[in-house]
Novice: 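If you scroll down you'll find the structure; I have some questions about it.
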Amino acid sequence: MTGLQCVKGMHDILPTDMPGWHFVEQSFKELMSQYAYREIRTPVLEPLELFVRGIGDATDIVEKEMYTFADKGGVDLALRPEGTASIVRAYIQHGLDRQNSINKLFYIGPMFRRERPARGRFRQFYQAGAELIGAGEPAADAEMIEMAVRFVQRLGISDTAVLINTLGDADTRKSYRDALRSYFRHQADRLCQDCIRRLENNPLRILDCKVTACIEACKEAPLLHEHVSPTAMDHFSALQQKLSLLNVDFKVQPRLVRGLDYYTRTIFEIQGGVDTLGAQSTIVGGGRYDGLIAQLGGKPTPTIGFAFGIERLLLLLKEDRFPPETRKIFVTGAGDDDYCHMVTIASMLRDAGFTVETPYASGSLRSHMKRAARSGARFTAIVGEEEWQTGCVVLRDMQTGEQEAVAIEQLAGKMMEKQ
RNA sequence: GUGAGAAUAGCUCAACGGUAGAGCUCCGGCUUGUGGUGCCGGCUGUUGCGGGUUCAAAUCCCGUUUCUCACCCCA
């Protein structure tokens with residue numbers, strides 16, 4: 001294992017891994033299409049300022065966990081750490097709101113975060129997500145959550161839980177944060193070191209600390225929902241009613257919070273695979289961020305979205321769910337002189353839509369059959385001089401071992417009916 | 001970023017101070033027109049890397065890199 005290798009936290013996705021990737025990506029694209037979402041692709045490289053303004057520099061994120069550098073012209077650039085800010089940038093830049101008052105967008109692509117790597121957590125990882133821009137109604141939230149739930153179901157992941165909460169509006173956050181600070185200042189001697197730091201940085205995070213003493217200290221903490229405006233609470237109730245109508249099971253989790261400031265009102269997570277994923281059991285996360293577009297220079301527009309990391313999701317998938325390779329056939333001759341016959345048949349079958357492999361080396365039919373078996377092809381067609389003369393091939397079903405002579409012009413049809 | 005564990009053939013692992021091994025995979029053969037089961041044979045390693053201790057290090061010690069687990073963070 002000497003020599004060149006991947007940069008820390010980066011990983012190769014090898015051909016044997018691909019069935020899972022295709023399954024996830026195609027399932028997601030199909031789902032998005034069913035809800036009339038359209039794909040958008042944005043650059044991996046963005047102005048650093050996009051994330052500074054979008055995510056905020058209050059946390060460690062921008063400073064410590066983003067890949068940033070000064071370009072030769074002196075412009076500060078960043079490898080995108082997430083999808084949302086770029087989507088919003090493109091939305092504003094191209095005036096998408098003038099084409100449609102509602103934009104339903106989805107994306108898939110690599111993101112970059114300079115975190116400590118762990119199982120299912122990489123520094124370059126693939127994320128996919130959906131954004132619904134221009135609809136602030138509870139029905140929009142409901143559809144977003146429903147899509148996320150249907151997606152996870154479609155992948156065959158069971159034992160999941162859908163958690164929802166409301167963070168109220170922008171001013172709710174401020175007043176609640178102040179209330180938490182003044183409450184926890186009097187509890188400071190009970191809190192762990194991390195939480196004492198969170199007290200100034202990000203007091204909401206104290207609420208989901210795992211230390212027993214902190215959990216105790218939280219018990220009498222002021223409740224977020226007491227600070228949420230009646231309007232926002234109505235929004236949240238309406239969302240819950242609609243989710244019930246959509247037959248989506250959910251649990252209100254009043255302590256569910258987000259690290260970033262731009263979230264407003266609805267936030268949600270799907271958790272699953274606690275046994276497999278350990279502490280990283282959140283597989284889909286989303287929420288409403290009605291203030292972000294204005295923050296990035298657009299006109300105020302309500303927006304909600306969700307996103308998931310593909311690597312983490314793949315850890316939960318069972319391989320037998322991936323569709324097997326079908327319509328594959330191995331075509332071989334019986335001797336060196338059959339090359340011409342072999343490639344003619346191969347060509348014909350490719351035109352008919354089959355995946356076709358042929359042997360390159362000369363060798364015994366035996367060795368070619370061995371290769372055919374290892375190729376995973378369902379069928380093998382043998383075309384030797386004998387067959388060529390009579391205008392047929394020997395078609396062998398590699399699963400059952402049955403074989404028969406089939407006329408060349410009937411070959412494609414014959415395989416179709418057998419699959 | 002903090003703390004802990006791991007690293008041996010392509011893969012899963014054994015050897016735990018005394019010449020580095022197995023299973024699987026891969027390659028070839030077992031009547032030159034029949035594979036996946038069987039039998040026979042073959043390839044592959046500076047034991048992650050660099051130092052140290054020792055007559056002798058995969059094995060003990062130090063450093064380093066990568067991975068893994070928990071924490072931090074989580075867009």
Side-chain angles (χ1 to χ4, degrees), chain A residues 1-11 14 16 50-52 54-56 58-66 78 80-88 111-123 125 127 129 131 192-195 197-198 201-202 205 208-211 257-263 267 269 277-282 285-287 289 292 305-309 312 330 332-336 338 359 361-387 393-403:
Chain A
M1 208 63 82
T2 320
L4 292 172
Q5 54 182 302
C6 279
V7 172
K8 177 174 179 166
M10 308 285 156
H11 70 301
L14 299 173
T16 47
L50 172 63
F51 303 112
V52 173
I55 297 170
T59 58
D60 294 346
I61 292 168
V62 168
E63 216 174 84
K64 291 183 180 161
E65 297 190 352
M66 263 185 17
R80 62 179 182 195
E82 56 131 9
T84 301
S86 299
I87 304 303
V88 166
M111 308 293 164
F112 303 83
R113 297 178 194 173
R114 201 180 179 292
E115 297 175 294
R116 184 87 153 215
R119 184 174 164 78
R121 185 178 196 176
F122 298 92
R123 288 181 167 186
F125 64 100
Q127 195 180 60
E131 315 285 357
C192 69
Q193 284 301 313
D194 288 325
C195 282
R197 188 170 44 78
R198 286 174 181 133
N201 276 358
N202 207 345
R205 280 281 165 199
D208 57 14
C209 182
K210 286 141 197 132
V211 176
V257 294
R258 286 279 114 119
L260 299 192
D261 283 349
Y262 64 57
Y263 282 100
I267 59 171
E269 284 184 8
L277 299 177
Q280 308 176 72
S281 58
T282 299
Y289 42 94
L292 182 61
F306 75 80
F308 59 91
R312 191 180 290 186
F330 195 92
T332 180
D336 293 351
D338 298 325
S362 58
S364 62
L365 180 58
R366 183 189 182 81
S367 66
H368 292 156
M369 289 306 290
K370 210 169 197 174
R371 201 157 289 286
R374 284 178 192 171
S375 76
R378 170 70 192 277
F379 298 102
T380 300
I382 305 164
V383 49
E385 190 56 32
E386 240 174 79
E387 289 79 16
V393 304
V394 170
L395 181 64
R396 182 178 178 85
D397 185 325
M398 300 300 275
Q399 275 171 23
T400 63
E402 291 165 6
Q403 64 180 43

Novice: When you get a sec, tell me which of G35(B), C67(B), G33(B) is the closest nucleotide to the side chain of M369(A)?
Specialist: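 Among G35(B), C67(B), G33(B), the one nearest the side chain of M369(A) is G35(B).
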
Novice: Take the protein atom CZ of F330(A) and the nucleotide atom C1' of U34(B), then report the distance between them rounded to whole Å.
Specialist: 12 Å

Novice: Say we look at G45(B) and U19(B): how far apart would their C1' atoms be, to the nearest angstrom?
Specialist: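 To the nearest whole Å, 15 Å.
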
Novice: Which base sits across from U2(B) as a Watson-Crick or G-U pair, both distances under 3.5 Å?
Specialist: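 A70(B) is the nucleotide pairing with U2(B).
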
Novice: Under a 3.5 Å cut-off for both contacts, is G42(B) paired Watson-Crick or G-U wobble with anything, and if yes, with which nucleotide?
Specialist: C26(B)

Novice: Let me know the distance between CD of Q399(A) and P of G36(B), rounded to the nearest Å.
Specialist: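 From Q399(A) CD to G36(B) P: 16 Å.
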
Novice: Roughly how far apart, to the nearest Å, are U2(B) and G63(B) at atom P?
Specialist: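 The same atom, P, in both gives a distance of 14 Å.
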
Novice: Of the options U68(B), G36(B), G33(B), whose atoms approach the side-chain atoms of R119(A) most closely?
Specialist: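 Nucleotide nearest to R119(A)'s side chain: U68(B).
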
Novice: Do Q193(A) and R197(A) make a side-chain contact, defined as non-hydrogen atoms from C-beta onward lying under 4.5 Å apart?
Specialist: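 Result no, sub-4.5 Å side-chain heavy-atom pair not found.
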
Novice: For E387(A) and U34(B), give me the distance from atom CD to atom C1', rounded to whole Å.
Specialist: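 Rounded to the whole Å, the gap is 11 Å.
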
Novice: To the nearest Å, give me how far apart CG (D397(A)) and C1' (G35(B)) are.
Specialist: 12 Å

Novice: Any heavy-atom pair between the side chains of P117(A) and K8(A) that's under 4.5 Å?
Specialist: yes

Novice: Which nucleotide wins on minimum distance to the side chain of A118(A), given the candidates C69(B), U66(B), G35(B)?
Specialist: C69(B)

Novice: For C60(B), give the paired nucleotide (Watson-Crick: N1-N3 plus N6-O4 or O6-N4; G-U: N1-O2 and O6-N3; both under 3.5 Å), or none.
Specialist: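 By the stated definition (distances under 3.5 Å), G52(B) pairs with C60(B).
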
Novice: Determine the Euclidean distance between corresponding P atoms of G48(B) and U54(B); express it in Å to zero decimal places.
Specialist: 23 Å

Novice: Give one of base, sugar-phosphate or nothing for G309(A), where a contact means two heavy atoms less than 4.0 Å apart.
Specialist: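 Since no nucleic acid heavy atom lies under 4.0 Å of G309(A), the category is nothing.
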
Novice: CG of D194(A) versus C1' of A70(B): gap in Å, rounded?
Specialist: 12 Å

Novice: Please give the nucleotide sitting opposite G17(B) as a Watson-Crick or G-U wobble pair, both distances under 3.5 Å, or none.
Specialist: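 Partner of G17(B): none.
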
Novice: Do the side-chain N or O atoms of R198(A) get closer than 4.0 angstrom to the phosphate oxygens (OP1, OP2) of C72(B)?
Specialist: yes

Novice: How about R371(A): does its CZ atom have over 12 heavy atoms from other parts shown lying under 6.0 Å from it?
Specialist: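 No, CZ of R371(A) has 12 or fewer neighbouring heavy atoms, counting only those of other groups under 6.0 Å.
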
Novice: Look at the rings of Y289(A) and Y263(A) and say which category their plane angle falls in: under 30° parallel, 30 to 60° tilted, over 60° perpendicular.
Specialist: perpendicular

Novice: Consider the side chain of R113(A), meaning its heavy atoms from C-beta on, and name the nucleotide among U2(B), U66(B), A75(B) that approaches it most closely.
Specialist: A75(B)

Novice: Need one value for G401(A): base, sugar-phosphate or nothing, where a base atom within 4.0 Å counts as base even if backbone is also close, heavy atoms only.
Specialist: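 If one applies the 4.0 Å heavy-atom cut-off, G401(A) turns out to touch a base.
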
Novice: Between F125(A) and R312(A), is there a side-chain heavy-atom distance shorter than 4.5 Å?
Specialist: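 Not touching, per the 4.5 Å side-chain cut-off.
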
Novice: Please pick, from G35(B), A75(B), G33(B), the nucleotide with the shortest atom-to-atom distance to any side-chain atom of A334(A).
Specialist: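 Selected nucleotide: G33(B).
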
Novice: Among G29(B), U66(B), C73(B), find the nucleotide with the atom closest to the side chain of R121(A).
Specialist: C73(B)

Novice: Is any side-chain N or O of Q5(A) under 3.5 Å from a base N or O of U65(B), one able to act as donor and the other as acceptor?
Specialist: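 No such pair is found, so the answer is no.
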
Novice: Grab the CZ-P distance between R123(A) and U65(B) for me, whole Å please.
Specialist: 12 Å

Novice: Can you figure out which of C30(B), A75(B), C69(B) approaches the side chain of R366(A) most closely?
Specialist: C30(B)

Novice: Side chain of R116(A): nearest nucleotide among A4(B), G35(B), A75(B)?
Specialist: A4(B)

Novice: What is the distance from atom CG of L292(A) to atom CD1 of I87(A), rounded to the nearest 0.5 Å?
Specialist: 11.5 Å

Novice: Which listed nucleotide (U34(B), C27(B), A75(B)) is nearest to the side chain of R396(A)?
Specialist: U34(B)

Novice: Expressed in whole Å, how much space separates the P atoms belonging to C67(B) and U8(B)?
Specialist: 14 Å

Novice: Rounded to the nearest 0.5 Å, what separates atom CD1 in I382(A) from atom CE in M369(A)?
Specialist: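 Atom-to-atom, I382(A):CD1 and M369(A):CE are 5.0 Å apart.
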
Novice: Rounded to whole angstrom, note down the C1' distance from A57(B) over to G51(B).
Specialist: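 Pairwise C1' distance, A57(B) against G51(B), rounds to 13 Å.
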
Novice: What's the gap between A9(B) and G5(B) when it is taken at their C1' atoms, as a whole Å value?
Specialist: 24 Å

Novice: If we take the C1' atom in both G17(B) and U59(B), what is their distance in whole Å?
Specialist: 6 Å

Novice: For the atom pair CZ (F306(A)) and CD (E131(A)), what is the distance rounded to the nearest 0.5 Å?
Specialist: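 Those atoms lie 9.5 Å apart.
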
Novice: What distance, rounded to whole Å, do you find between the two P atoms, one in U44(B) and one in G36(B)?
Specialist: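 After rounding to an integer number of Å, I get 25 Å for this pair.
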
Novice: Taking the side chain of E65(A) as its heavy atoms from C-beta onward, which of U66(B), A75(B), U34(B) lies nearest to it?
Specialist: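 It is A75(B).
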
Novice: Searching all strands shown, indicate the nucleotide that pairs with G33(B) (Watson-Crick or G-U wobble; both distances under 3.5 Å).
Specialist: none

Novice: Checking all strands, does Q403(A) fall into the base, sugar-phosphate, or nothing category for heavy-atom contacts under 4.0 angstrom?
Specialist: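 Base contact - Q403(A) has a heavy atom under 4.0 Å of at least one base atom.
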
